[in-house]
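Just so you know, ligand 1 is whichever comes first in the structure, and atom 1 is the first atom listed for that ligand. Residues: numbered from 1 along the sequence shown.
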Amino acid sequence: MQPKMVPVSVFLLLLLSFVVVVVCAQSNGTRISTGSSLVAGSSSVQAWRSPSDDFAFGFRNVDNNNDDLFLLAIWFYKVPENNIVWFAKEKDNNPVFAPRGSKIELTASSGLVLRNGNGGEIWKSKPITASVAFGSMKDTGNFVLVDSINGSIWESFSYPTDTLLPTQKLEVDGVLSSRKSQGNFSLGKFQFRLLRDGNAVLNTINLRSGFPYDAYYISNTYDSASSQNSGLQVIFDEQGFLYVLKRNGEQSNITQPSVGNPVEAYYYRATMNFDGVLGVSSYPKGIDGDANGSWKDLFRIPDNICLSNENPIGRLGSGICGFNSICTLKSNGRPICNCAQGYSLVDPNDELGNCKPYITQSCDEEQEGAGNFNQNLYELVDLPNTNWPMYDYERFSTLNEQVCKSSCLEDCFCVLAVFGGSDCWKKRLPLSNGRQDASITAVSFLKLRKNVSLESFPDADRTVKKQRTLIIVMSALFGSSVFIIFILLGFKCLGLFVLKKEKLAETCTKNVFSECNLIQFTFMDIYKATNGFKEEIGRGSCGIVYKGTTEAGDIAVKKLDRMFEADRDKEFRTEMNVIGQTHHKNLVRLLGYCDEGSNRMLVYQFMSNGSLSSFLFNGDPKPSWKLRTRIAFEIARGLLYLHEECDTHIIHCDIKPQNILLDEDYNAKISDFGLAKLLKVDQSRTETGIRGTKGYVAPDWFRSSPINAKVDVYSYGVLLLEIICCRRNVETELGDGEREEGMILTDWAYDCYEKGRVEALIEGDMEAMDDFHRVERFVRVAIWCIQEDPSKRPTMEKVMLMLAGNVDVSVPPCPYPFSSMV
Ligand SMILES: *[C@@H]1O[C@H](CO)[C@@H](O)[C@H](O)[C@H]1NC(C)=O
Ligand SMILES: *[C@@H]1O[C@H](CO)[C@@H](O)[C@H](O)[C@H]1NC(C)=O
Ligand SMILES: *[C@@H]1O[C@H](CO)[C@@H](O)[C@H](O)[C@H]1NC(C)=O
Ligand SMILES: *[C@@H]1O[C@H](CO)[C@@H](O)[C@H](O)[C@H]1NC(C)=O
Ligand SMILES: *[C@@H]1O[C@H](CO)[C@@H](O)[C@H](O)[C@H]1NC(C)=O
Ligand SMILES: *[C@@H]1O[C@H](CO)[C@@H](O)[C@H](O)[C@H]1NC(C)=O
């Protein structure tokens, strides 16, 4: 709105007449002579009272938690509570808090001067243009400083805080500011202002910048055609009637004339309440001290504050309540703000403030499953009669509520959908202007993370069952125990894998532990799900792994071992912290954990196709070469993520086929971070005891030199050869005599490579033979990876590029130039 300028002469004329009125209206007041003073917290002179004792001026302790902090205030002396009508404030409308011992003194030169106990000036009445003759506490509640000739030179009525008293006026640019809450006098976010264009408005402000948002009430006393029709003053008259006086002398009523509360028998006040309602209220006179009365709202503006800014011009701010909060009108006509379900107050003491989500939705999660992952994690809660007008990011027409709901559920930006009439509006954070009211016909659907219970974890893979031929194969999962799994043979559709370079840009989520979306399971939850830990599916590095079944799908529960008693605490936390922060499609996802007394368990996604070990070594014929190459890429991808892309760089230390699991679609996922060695950024090497599994452990471990991520590269090299050959590096099982007895795969592979007999490695594998160039490239990469000298091994990123054929792979040197002792 453009401020409307008034002809200066008219303005001066009116100003002059106002001064005259004030001088004439000098009613009786208590005369306070210069040199008088009051001390905060002093027991002697309490206050300067008006002749009728209706008002008092002095110090008030208003902080229940701090007896030593005072406001310099004016209050209804006979009203026991909620009686402060004015207090000294800064230019920015914040109250001036005075410590105990502060002194207010009336001086001739500066008027009222407030000093702290040490004499430092905290505040003074400004501006003082003439010598002050005396002060006067009026029966109107106005404290006036008077000079000897011209009368009033400063008065409290000209510097209102949140209250107008009868006969008080608000001039153009005048403002009433709400306090933070009923008991907290700090500056609140609501204002009642008379704008230069003549409109009296209610608006919220940004408390940091002071920026005023759009009005939620407008008096409409702005007339563009004739400035004479626009508002000049807001007047709260002797009768307790609030109106805008226009320049042409007309009244524009803000409240209606009150009936039944005669001004002789009642105190009146107009207050910019802390909850945003401008109210005129009354209190029966003649009830002294310990009396019975209470402030009664006579008028409230606006009628329904929650619905008040239905069509504001601009689009800034949170509305009446904070962001993500919902405004509801109580029966007393005052609003109450409640955080939407799943959200909580940022500042628990500020009920009108912003709410924060417990869990922030992440689009990264969508990559986890077959596209509909989000749907398995989130649900929509109906909020009837609730609307969040404006601030949509998307809108479309549909008559079908279900379409509106699914559209939000499937969209990782959407946190709320509003369905009304034939439209669906989608909202993202933060939500603003939330309101609930019986008159609202729209329904809101609030997207919430599914409840923290066993039924709620995601299992997207399960939802897409594909028709495939099944054969049953005996196999070992996680290394030792025997477990029956189903191996799917319909690989036709899996040969489409192409390494996309963009995929390298996947990022870690940086959630801190408390926010990393882990579900906390109870022991009973897990006990039930695993049917009393009945089905053991493997033994990991520090505990036994059990299969569990829930309505939402299967889980793998790793029960941490008692043998690790001493280390368990540390190990548990390590694993939790690390895995909680890692989200990548080539890492097994930790769904949650259980931490009840001595029961510590980790709950993972269940991988229906078991480990890479059983996949590679137990199949006859060998698994598809194309699928194996894809798996090799995926493991490399997962390792690259661990090494380079997380905030906390992670060395796995135990890369082996038993620790690579395959999901329903044979996506490879690295598991078991139990031995993971944390490596802070900038710390590329770390001292540690030997970790890992024979056959995959890099020779670095046996030297005194520190360990770095290259140990994983070594293990990966071994693994890559195993993937190429479908053969264990070290055959431990007996009765495998048909293979080349006692031969270490790495030695044999290099031998074959050196002698130009790479085809021996893939004997009988027709599919691989047809792709011989790739086989040869892979073998070279593997030999680079198993170099005895860690500095010769490539990084995982380089490995990725070499595997994909994006960079040439040079001829690798002999991996063990100094006849190693491994
Ligand atoms: C001021 O007090 C005098 C007596 O002290 C009284 O006659 C007069 O009416 C009072 N004026 C007002 C405006 O109250
Ligand atoms: C009274 O007001 C006039 C003009 O407004 C001013 O010139 C004069 O200095 C004032 N007198 C005192 C004592 O303040
Ligand atoms: C009043 O609110 C402010 C701002 O939220 C806060 O800093 C202050 O501690 C509160 N004071 C009291 C007495 O609660
Ligand atoms: C405004 O209030 C006055 C009484 O002060 C009343 O006479 C008048 O009718 C009111 N106007 C409207 C439009 O309500
Ligand atoms: C308190 O108010 C009630 C009515 O609101 C009245 O009946 C009662 O007498 C009052 N008590 C006192 C002590 O004033
Ligand atoms: C979610 O879980 C909490 C605590 O476990 C429970 O109080 C609440 O009622 C649950 N909510 C729903 C919608 O099931």
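Contacts between Y243 and ligand 4, counted as non-hydrogen atom pairs separated by less than 4.0 Å, are absent for every part of the residue.
The neighbour count for E81 CD, taken as heavy atoms of other residues, nucleotides or ligands under 6.0 Å away, does not exceed 12. In this structure, Q436 places its CD atom where more than 12 heavy-atom neighbours from other residues, nucleotides or ligands lie under 6.0 Å away.
Scored by the side-chain contact (heavy atoms from CB on, under 4.5 Å) test, N118 finds N116 as partners (sequence neighbours excluded).
Salt bridge status for R193 with D173: absent, with no side-chain N to carboxylate O gap under 4.0 Å. For K78 and D54, the salt-bridge test passes: some basic side-chain N is under 4.0 Å from an acidic carboxylate O.
Not a single heavy atom of Q239 sits under 4.0 Å from any atom of ligand 4.
Of all the atoms in ligand 4, the ones that sit under 4.0 Å from a non-hydrogen atom of F241 are 1 (C), 2 (O), 5 (O). Annotation for ligand 4: atoms under 4.0 Å from non-hydrogen atoms of Q256 are 14 (O).
For the pair R179 and F185, the cation-pi test (distance below 6.0 Å, angle within 45°) is passed. No cation-pi contact links R435 to W388, judged by a cut-off of 6.0 Å to the six-membered ring centre and 45° from its axis.
C321-C337 SG separation is under 2.5 Å; the pair is scored as a disulfide.
Listed by chain and residue number, the protein contacts of ligand 3 are D63, K180, N184, S186, D347 (heavy atom within 4.0 angstrom).
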